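One structure, as structure tokens, below. Some questions next.
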Amino acid sequence: MIAGMDLTDEGVYERVRAGQFAELSRRGMLKGSVASAAALTAVGGTATAARADGPIVKPLPPEWFTAFGTNAEMKWDAVRGLGFLTPNERFFVRNHVSTPLIDAAAWRLRIWGSGVRTPLELGLAELRALKGESLVASIECTGNGRSFYTSQQGQTVSGTGWKLGAVGVARWRGVRLSTLLRRAGLTHDAVDVLPSGLDPDYIDKGVNLGKVRRPLSVQKALKDVLVAYEMNGQPLPPDHGFPVRLVVPGWVGSASIKWLGDLQVANEPLFSPWNTSFYRMFGETYPPEGSAPLTVMNVKSAFELPWNATLTAGRTEVLHGRSWSGAGRIARVEISVDGATWERAELERSHSSAAWQRWRFRWRRPAAGAYALRARATDEHGNVQPDVSPHNTLGYQFGAVVRHPVTVA
Ligand SMILES: Nc1nc2c(c(=O)[nH]1)N[C@H]1C(S)=C(S)[C@@H](COP(=O)(O)O)O[C@H]1N2
Ligand SMILES: [Mo]
């Protein structure tokens with residue numbers, strides 16, 4: 001315990017560690033570790049990586065981001081007026097450890113294991129020479145919305161206290177994972193793919209859990225997963241996986257491994273802490289080993305408004321927002337300003353089914369007072385946001401309708 005803080009709480013731990021990290025780099029004590037980290041080698045794959053000055057490389061102006069140690073949340077009020085895609089410099093960051101600076105010229109991706117006949121190793125130029133494809137897709141942290149378990153439902157959960165900004169949508173460009181797997185001679189009995197990152201090992205409560213890595217099924221890998229090297233027309237920024245990351249559409253963000261260095265393909269199920277200890281539901285209503293590993297993300301909605309925004313009484317206000325679902329397109333969005341009656345929001349043109357849906361709602365001449373605005377979306381499969389999210393101790397997948405406070409004055 002540091003000064004009464006509970007370091008077993010992931011959010012507290014990350015804040016404390018980031019503070020210590022910042023202090024060390026201010027005092028110039030990381031010079032030695034920069035040199036030793038320069039020859040960092042990943043399991044299987046190789047790349048040289050250096051450590052940046054802090055856990056996140058890009059600037060995090062407070063008007064765009066809420067900083068949480070190694071993570072940074074996009075502020076929804078800063079999104080108003082931006083286009084459909086989240087600009088790279090505005091995209092949320094979720095780092096288990098810290099952004100590595102990877103030398104693209106030395107980067108290699110290895111594909112190996114019992115599920116491929118001809119193990120493959122390729123560099124960035126070779127990857128870029130393969131047929132490229134673009135995909136507009138969201139990436140959303142499994143814990144997005146976590147703080148509402150506490151603020152809205154009075155429940156205790158651990159992890160970063162995100163509001164709704166641990167999500168973003170980009171146009172990704174890269175090579176289909178299926179292309180690489182087939183080139184490596186994917187066998188008929190292959191079942192799992194385990195991508196590993198090149199960031200430093202993740203130390204959780206003093207235990208080294210190794211490289212950030214999380215298995216996904218071959219089925220999903222062949223369906224729509226992209227091995228991406230571009231984000232919104234630019235090379236991936238360091239914080240978002242430079243030079244190469246996975247993009248696993250619709251699935252929990254932790255599946256979209258950044259700084260990809262290694263792909264193990266196996267003819268038997270693979271496990272890592274990221275599909276056994278984390279990214280499952282744990283708690284009262286779940287078995288001791290937790291739910292099945294989480295995959296598809298749930299339905300959520302956000303207003304493009306500051307928290308506790310002040311609006312002008314008697315003036316018609318056009319409220320803007322976005323809704324999204326890992327399962328597919330959004331079919332309907334309803335808004336309530338009084339918590340009792342619901343009206344349809346107007347949907348804008350729909351883009352990719354793997355991305356969000358923009359909408360607007362005309363709030364006619366609101367009277368002065370305090371309100372809780374609600375947006376409730378339904379996706380094309382009939383998944384609808386409930387009033388309450390079932391509790392789980394790690395605070396994953398908060399999908400209930402969020403009550404967004406505003407004051408009309
Ligand atoms: N190698 C590696 N990949 C990773 C992570 C990480 O810490 N290391 N974090 C994961 C999690 S939990 C999420 S939500 C997304 C976040 O992607 P972003 O930082 O580009 O927004 O990356 C995933 N990929
Ligand atoms: Mo995440």
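Just so it is clear, the model here is predicted, and its values are computed rather than measured. Numbering of ligands and ligand atoms starts at 1, following listing order. Index from 1, following the sequence.
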Q: Have a look at ligand 1 and work out which part of Arg245, if any, has a heavy atom under 4.0 Å from it: side chain, backbone, both or neither.
A: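 Near ligand 1, Arg245 shows its side chain, while the N, CA, C and O stay back.
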Q. Is it the side chain, the backbone, both or neither of Phe91 that has a heavy atom closer than 4.0 Å to ligand 1?
A.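 Answer for Phe91: side chain.
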Q.
Is the contact between Phe92 and ligand 1 made by the side chain, the backbone, both, or neither, using heavy atoms and a 4.0 Å cut-off?
A.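 For Phe92, the contact with ligand 1 is made by both the backbone and the side chain.
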Q) What about Trp107 and Tyr229, are their ring centers closer than 6.0 Å? A)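 They do not qualify: ring centres at least 6.0 Å apart.
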Q | Where ligand 1 meets Asn95 - atom numbers and elements under 4.0 angstrom, heavy-atom basis | A |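 It comes down to these atoms of ligand 1: 7 (O).
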Q. Tell me: protein heavy atom nearest atom 24 (N) of ligand 1, and distance?
A.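 That would be Ser256 O, 3.0 Å.
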Q) Are Trp172 and His240 an aromatic pair by the rule of ring centers under 6.0 Å? A)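 Centroid distance Trp172-His240: not below 6.0 Å, so no.
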**Q.** Option with minimal heavy-atom separation from atom 7 (O) of ligand 1, where the choices are His96, Arg214, Lys211
**A.**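 Considering heavy atoms of His96, Arg214, Lys211, the nearest to atom 7 (O) of ligand 1 sits in His96.
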**Q.** Among Val157, Val252, Leu294, side chain to side chain contact (heavy atoms under 4.5 Å, CB included) partner for Tyr396
**A.**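 Exactly one candidate clears the test, Leu294.
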Q: Considering heavy atoms of the protein only, find what lies nearest to atom 15 (C) of ligand 1 and give residue, atom and distance to 0.1 Å.
A: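 Of every protein heavy atom, Gly253 O, 3.5 Å lies nearest to atom 15 (C) of ligand 1.
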**Q.** Heavy atom of Tyr279, distance to ligand 1 below 4.0 Å
**A.**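 The answer is yes: ligand 1 sits under 4.0 Å from a heavy atom of Tyr279.
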Q: Establish, for the pair Arg322 and Trp359, whether the NZ or CZ atom is under 6.0 angstrom from the six-membered ring centre and no further than 45 degrees off its axis.
A: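 No, Arg322 does not lie over the aromatic ring of Trp359.
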Q) Can you tell me if Trp356 uses its side chain to pair, donor with acceptor, with the backbone of Phe84 under 3.5 Å? A)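 Here the side-chain-to-backbone pair exists.
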Q: Please find out if less than 6.0 Å separates the ring center of Trp64 from that of Phe91.
A: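 Ring centroids of Trp64 and Phe91 are no less than 6.0 Å from each other.
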Q: Return yes or no for this condition: an N or O of Glu140 is under 3.5 Å from an N or O of ligand 1.
A: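 The answer is no, given that Glu140 and ligand 1 share no N or O pair closer than 3.5 Å.
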Q. Can a salt bridge be assigned to the pair Glu317 and Arg360 using a cut-off of 4.0 Å between side-chain N and carboxylate O?
A.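 No, this pair does not count.
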Q) Closest non-hydrogen protein atom to atom 10 (C) of ligand 1, residue and atom name please, with distance? A)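 Residue, atom and distance for the closest contact: Ser254 CA, 3.8 Å.
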**Q.** Pairs flagged by ring-ring contact (aromatic ring centres under 6.0 Å, His included) wherever residues 117-159 is involved - sequence neighbours left out
**A.**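 Found Phe148-Trp307, Phe148-Phe398, Tyr149-Phe398.
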Q) Short list, please: which atoms of ligand 1 are under 4.0 Å from a heavy atom of Gly197? A)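 The atoms of ligand 1 under 4.0 Å from a heavy atom of Gly197 are 1 (N).
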Q.
I'd like to know if Arg213 contacts ligand 1, where contact means a heavy-atom distance under 4.0 Å to any ligand atom.
A.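 It does not, in that no heavy atom of Arg213 comes within the 4.0 Å cut-off of ligand 1.
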Q: Could you walk me through whether Trp363 and Tyr371 pass the ring-ring contact (aromatic ring centres under 6.0 Å, His included) test, one step at a time?
A: CA-CA 12 Å; Trp363 190 11; Tyr371 295 82; 4.8 Å; yes
Q: State, yes or no, whether a side-chain contact exists between Trp112 and Glu121 at a heavy-atom distance under 4.5 Å.
A: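 No, side chains not in contact.
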Q.
Suppose we measure from atom 16 (C) of ligand 1 to each protein heavy atom; which comes out shortest, and what is that distance?
A.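 Protein heavy atom at minimum distance: Arg94 CB, 3.7 Å.
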(Q) Suppose we measure from atom 19 (O) of ligand 1 to each protein heavy atom; which comes out shortest, and what is that distance? (A)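 Ranking protein heavy atoms by distance from atom 19 (O) of ligand 1, first comes Lys258 NZ, 2.5 Å.
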Q: Between Thr70, Thr160, Asp199, flag the one that comes closest to atom 2 (C) of ligand 1 by a heavy atom.
A: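 Of the listed residues, Asp199 has the closest heavy atom.
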Q. Which ligand 1 atoms are under 4.0 Å away from a heavy-atom of Val212?
A.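 Contacts of ligand 1 toward Val212, numbered from 1: 1 (N), 2 (C), 6 (C), 8 (N).
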